[in-house]
Structures are given as structure tokens and as C-alpha cells.
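Report on one structure; see the data block that follows.
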Amino acid sequence: MNLNQKTKVMIMGCGGMLGQAVYNRFSKECTVLATDIDLNESWLQYCDVRNLHSAFELALEFKPDLIINLAALTDLEYCEKNEEDSWLTNGLGQENICLIAKRLNIPVVYISTAGIFDGGKEYYHDFDTPNPLGLYGKSKYYGEIITQSLLDKYFIFRAGWMMGGGPKKDKKFINKIYKQIQSGVKELFVVDDKLGTPTYTVDFADSIFRIVRTDFYGLYNMVCEGSGSRYDVALEFLKCLNLEDQIKVNIVKSDYFRKEYFAPRPLSEKLINLKLRKRDILFMRDWRECLAEYSSVFRMEL
Ligand SMILES: NC(=O)c1ccc[n+]([C@@H]2O[C@H](COP(=O)([O-])OP(=O)(O)OC[C@H]3O[C@@H](n4cnc5c(N)ncnc54)[C@H](OP(=O)(O)O)[C@@H]3O)[C@@H](O)[C@H]2O)c1
């Protein structure tokens with residue numbers, strides 16, 4: 001599809017860490033209606049994806065050419081404790097978006113996760129069979145299935161360990177490490193028995209933009225190149241901040257955090273960008289290069 005100032009793009013769940021990058025990328029070239037239930041920016045309008053009728057009303061009024069659904073509950077522990085809300089947000093929310101897109105005959109972008117795999121293998125390509133362990137993965141996998149069964153024109157992009165949004169919006173690993181550093185700790189405790197592929201929101205948003213234009217609909221793994229353990233990522237982050245000699249990183253096993261992080265997590269969530277590479281539409285850089293770029297936001301705050 002053409003993406004230009006006349007193209008209307010409706011983005012749901014745009015107030016989060018990925019939403020910031022997607023908003024920045026799309027609003028430069030298209031007419032964007034950015035929505036969320038958390039109105040943390042002046043450019044956000046309220047829309048709850050669990051509510052089909054109000055989302056429909058808003059969409060009928062805006063008349064989008066494309067919907068990008070980023071709305072999700074991404075806290076794995078919250079999902080385990082709030083089963084119904086997880087299904088309603090991650091599952092029914094995406095089903096609602098599909099019904100709206102079907103009625104308007106427009107494509108949808110849905111973001112899935114490496115967390116739909118069980119971690120029994122080290123690497124997962126696009127054709128591996130999902131087997132989610134926890135509520136988050138199960139509800140996100142439902143989003144994939146319902147999208148594929150209801151729509152012809154869809155993009156499903158599976159992301160890995162998201163990094164982006166900076167100190168204000170990043171809810172994940174990098175910001176959790178940063179907050180500890182900021183509080184003055186001289187040693188960190190980080191697991192080396194969880195493996196994955198970091199995924200930089202800026203590259204991810206740019207890739208969505210470029211791939212949507214191709215009309216090569218379908219399901220894609222989309223992560224940064226390279227992979228590692230949480231320990232590898234923490235070490236690299238400290239290097240980027242020039243703090244590797246000042247802060248010690250102790251390796252621990254996941255069991256160390258069993259009370260805090262009780263949701264089941266796969267041993268490995270490493271994704272391979274097999275389809276993107278083969279179709280020559282892989283625009284994700286290596287995660288170390290991305291982390292170096294991303295770290296500059298944190299360096300300024302230290
Ligand atoms: N973060 C990751 O590591 C990761 C990895 C793989 C895939 N993904 C996927 O990437 C997408 C974007 O996630 P993200 O990382 O940007 O997470 P995020 O920062 O939590 O952003 C999601 C946004 O959706 C909002 N939201 C929650 N329930 C909603 C509802 N019912 N209606 C409308 N908006 C709602 C959230 O608001 P609240 O803050 O109030 O909840 C938040 O602003 C999601 O589909 C997620 O599953 C994320």
C-alpha cells in the first residue's frame with residue numbers, strides 16, 4: 001500500500017514503548033490517529049480495544065486505511081494473576097480489531113511475541129510450532145490465530161526482548177537495569193539461563209513502515225540480528241554506559257528471582273528472521289549496534 005500524507009493510519013495501544021517509535025515513524029509520513037487507554041501524551045486519544053463498539057465508532061469516524069494494534073498487557077506476572085483481563089486485552093482486543101478491519105476492508109498489523117514458543121529448542125524460525133507456556137503467550141498466540149482466520153490482509157510481526165522508549169516508557173529489561181544503576185547499586189544480579197533476541201523499537205517501527213508498503217502480507221519473525229542471554233545484554237549495556245569497571249554483574253539462575261518473576265518463561269526465545277531475510281525485506285540491525293544507539297538516552301540522564 002502507499003504510505004503518504006493522505007494515508008490514514010489508526011494505531012491502538014500507542015502510548016507504550018513500541019508505540020512511541022511507531023508514532024514517530026508513521027506520523028512523519030501519514031495521517032495518524034494514535035490511541036491508548038493510558039493518555040500519557042497530548043497526541044493520544046482514548047480507545048479501549050476491549051470495547052468493540054466504541055473502537056468501531058472511532059474507526060468509522062476516522063476511516064483508516066490501515067490499523068496497527070500495539071495494545072496489550074505485557075507484564076507476564078500481571079497476566080498470570082489477571083487471566084480474564086489478559087484474554088480480553090490480548091485476545092479479544094485483537095479479535096475486535098480484526099472485525100473492524102474486515103468491515104472496512106483494510107489491512108491490520110498485529111505484534112506477536114517470541115513468548116509463544118516453549119523454549120524446548122534454542123532457535124525458532126517462522127515455521128516452528130508455537131506452544132506457549134503462560135497466560136501472556138497463550139493470549140498473544142490467540143491473537144495470531146484469530147487474525148489469520150478472520151483476515152486475508154494482515155501482517156503479524158513476532159518481536160523478541162523489546163528495548164526502546166527510554167527511561168519514561170521502557171517497561172522491560174534495559175530500564176529495570178537502568179533503574180538499579182540510577183539508584184546507586186554497585187553490583188547487579190542477572191540470569192544467564194534465559195536466552196533471546198533483543199528487538200529495538202526504532203528498527204522495528206521502521207521495518208513495519210517499509211514492509212507494509214510491500215503488500216507482502218503474512219506472519220514474520222522480526223527481531224534484531226544476533227542473540228544472547230540476559231547476562232550478555234546487561235554486560236553490553238554497562239559497556240555502552242562506560243560503567244563496566246564500576247558495576248559488577250553477578251550471574252544467577254532464574255530460580256533466584258522465582259518470587260518476583262513467577263510467570264513461566266521459556267528457556268530460549270531466540271528468533272530467526274528466516275522469511276524476512278529470504279524475501280529481502282530484513283531491515284533490523286544487530287542488537288549490539290541498536291543498544292549502543294539506545295543507551296545514549298540513558299547516558300544523558302545519568
Ligand atoms: N515489551 C516486549 O518485550 C514485547 C515483546 C514482544 C512483543 N510485544 C508486543 O508489542 C506490542 C507493543 O507492546 P509494548 O512493548 O509497546 O508494551 P507497552 O509499553 O505495555 O504498550 C502497550 C500499550 O497498550 C496499552 N493498553 C493496555 N490495555 C489496553 C486496552 N485495553 N486498550 C488500549 N490500549 C491498551 C498499555 O496501557 P497500560 O500501560 O495502561 O497497560 C500500553 O500503553 C504488544 O502487542 C506486545 O504484546 C512486546
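Values in this document were obtained by computation on a predicted structure and should not be read as measured data. We count ligands from 1, going down the list as the structure has it; atoms in each ligand are counted the same way.
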Practice prompt. Tell me whether Ile177 is reachable from Ile247 by hopping between hydrophobic residues (I, L, V, M, F, W, Y) whose side-chain heavy atoms are closer than 4.5 Å.
Written response: yes

Discussion item. Test your reading of the model: is there a side-chain donor-acceptor pair from Glu77 to the backbone of Ala263, 3.5 Å cut-off?
Written reply: yes

Fill in: Electrostatic pair Arg285-Asp203, nearest N-O below 4.0 angstrom
yes

Practice prompt. Tell me which protein heavy atom sits closest to atom 16 (O) of ligand 1, plus the residue, atom name and distance to 0.1 Å.
Written response: Leu18 N, 2.9 Å

Worksheet item: Among protein heavy atoms, which sits nearest to atom 5 (C) of ligand 1, and what does the distance come to when rounded to 0.1 Å?
Response: Gly160 O, 3.0 Å

Worksheet item: Tyr136 side chain to Asn90 main-chain N or O, any donor-acceptor pair under 3.5 Å?
Response: no

Practice prompt. Could you pull out, from Gly16, Gly15, Cys47, Ala114, the option with a heavy atom nearest to atom 21 (O) of ligand 1?
Written response: Gly16

Response to the item:
Under 4.0 Å between heavy atoms, the region of Phe204 that gets near ligand 1 turns out to be neither

Worksheet entry | Shortest protein contact, atom 32 (N) of ligand 1 (heavy atom only) | Val49 N, 3.0 Å

Fill in: Which residue and heavy atom of the protein sit nearest atom 9 (C) of ligand 1, plus the separation
Ile111 CG2, 3.6 Å

Discussion item. Below 4.0 Å from ligand 1: does a non-hydrogen atom of Tyr136 turn up there or not?
Written reply: yes

Worksheet item: Does Cys14 come within less than 4.0 Å of ligand 1, judged by its heavy atoms?
Response: no

Practice prompt. Could you check which of Leu92, Leu70, Leu271 puts a non-hydrogen atom nearest to atom 22 (C) of ligand 1?
Written response: Leu70

Discussion item. Checking a contact table here: which protein heavy atom is nearest atom 27 (C) of ligand 1, and how many Å away?
Written reply: Ala72 O, 3.4 Å

Fill in: Sub-4.0 Å heavy-atom contact, Ser112 with ligand 1
yes

Practice prompt. For residues Phe237 and Phe298, establish whether the separation of their ring centroids is below 6.0 Å.
Written response: yes

Fill in: Hphob cluster co-occupancy, Tyr23 + Tyr46, side-chain heavy atoms under 4.5 angstrom
yes

Worksheet item: Which protein heavy atom lies closest to atom 45 (O) of ligand 1, and at what distance to 0.1 Å?
Response: Lys140 NZ, 2.7 Å

Practice prompt. Verify the cluster assignment for Met162 and Ile174: are they in a single hydrophobic cluster under the rule of side-chain heavy atoms below 4.5 Å apart?
Written response: no

Worksheet item: Taking atom 42 (C) of ligand 1 as the point of reference, which of Asp36, Asp48, Val109, Leu88 owns the nearest heavy atom?
Response: Asp36

Discussion item. Using 30° and 60° as the class boundaries, would you call the ring planes of Phe155 and Tyr220 parallel, tilted or perpendicular?
Written reply: parallel

Worksheet, complete the sentence: Of Asp38, Thr74, Thr89, Thr201, the one whose closest heavy atom lies nearest atom 17 (O) of ligand 1 is Thr74

Worksheet item: Can any side-chain N or O of Asn175 pair as donor or acceptor with the backbone N or O of Pro167 at less than 3.5 Å?
Response: yes

Response to the item:
re atom 29 (C) of ligand 1, the protein heavy-atom contact at minimum distance is Ile37 CD1, 3.5 Å

Worksheet item: Would Glu95 and Lys102 pass as an ion pair if we require N to O under 4.0 Å?
Response: no

Discussion item. Using the rule that Ile, Leu, Val, Met, Phe, Trp and Tyr join whenever any side-chain heavy atoms are under 4.5 Å apart, tell me whether Tyr110 and Tyr142 fall into a single cluster.
Written reply: yes

Practice prompt. Considering only non-hydrogen protein atoms, determine which one is nearest to atom 14 (P) of ligand 1 and report residue, atom name and distance to 0.1 Å.
Written response: Met17 CG, 3.7 Å

Fill in: Shortest reach to atom 48 (C) of ligand 1 by a heavy atom, considering only Met12, Lys171, Arg50, Met162
Met162

